[in-house]
Amino acid sequence: MKKPMTTEELFNKIKDILGEKNLLPDILDYGIATSNPVPIRTYMFDWRSNLAYGGE
């Protein structure tokens, strides 16, 4: 059985794809996925984003 992708892996994959296509805003020079990654076990989930400046 294949290991499920985690939320951190999904974030990094999307960030890498957008970076390769030059679609990331110039102001976003780095990204931190999460401090508590969880496995994605279903395709049913909601997107939620937390853009924080200067730390947590």
Side-chain angles (χ1 to χ4, degrees):
M1 184 172 180
K2 194 173 181 180
K3 178 184 133 196
M5 181 180 278
T6 67
T7 50
E8 180 178 23
E9 291 167 334
L10 178 62
F11 175 88
N12 289 329
K13 183 174 277 260
I14 292 170
K15 187 180 73 158
D16 291 345
I17 291 170
L18 292 175
E20 289 172 5
K21 295 183 178 188
N22 293 322
L23 295 175
L24 284 175
D26 292 336
I27 195 168
L28 185 62
D29 58 351
Y30 67 93
I32 300 171
T34 181
S35 59
N36 186 23
V38 295
I40 300 172
R41 300 189 184 276
T42 179
Y43 65 89
M44 297 179 356
F45 57 92
D46 292 327
W47 290 101
R48 187 180 73 145
S49 178
N50 181 18
L51 181 60
Y53 296 96
E56 295 181 43

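For clarity, every value in this text was computed on a predicted model and none was experimentally measured.
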Taking atom [atom1] of [X] and atom [atom2] of [Y], what is their separation to the nearest 0.5 Å?
X: Leu23; Y: Ile17; atom1: CG; atom2: CD1; result: 10.5 Å
X: Ile40; Y: Thr7; atom1: CD1; atom2: OG1; result: 6.0 Å
X: Met44; Y: Thr42; atom1: CE; atom2: OG1; result: 5.0 Å

- Contacts of Glu9 that satisfy salt bridge (Lys or Arg N to Asp or Glu O under 4.0 Å) - sequence neighbours left out: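 Here the qualifying residues are Lys3.
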- Message: Membership question, hydrophobic clusters at under 4.5 Å side-chain separation (ILVMFWY): are Phe11 and Met5 in the same one?
- Response: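 In one cluster: no.
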- Considering residues at least two apart in sequence or located in another chain, which fulfil the side-chain contact (heavy atoms from CB on, under 4.5 Å) criterion with Pro39?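 Pro4, Arg41.
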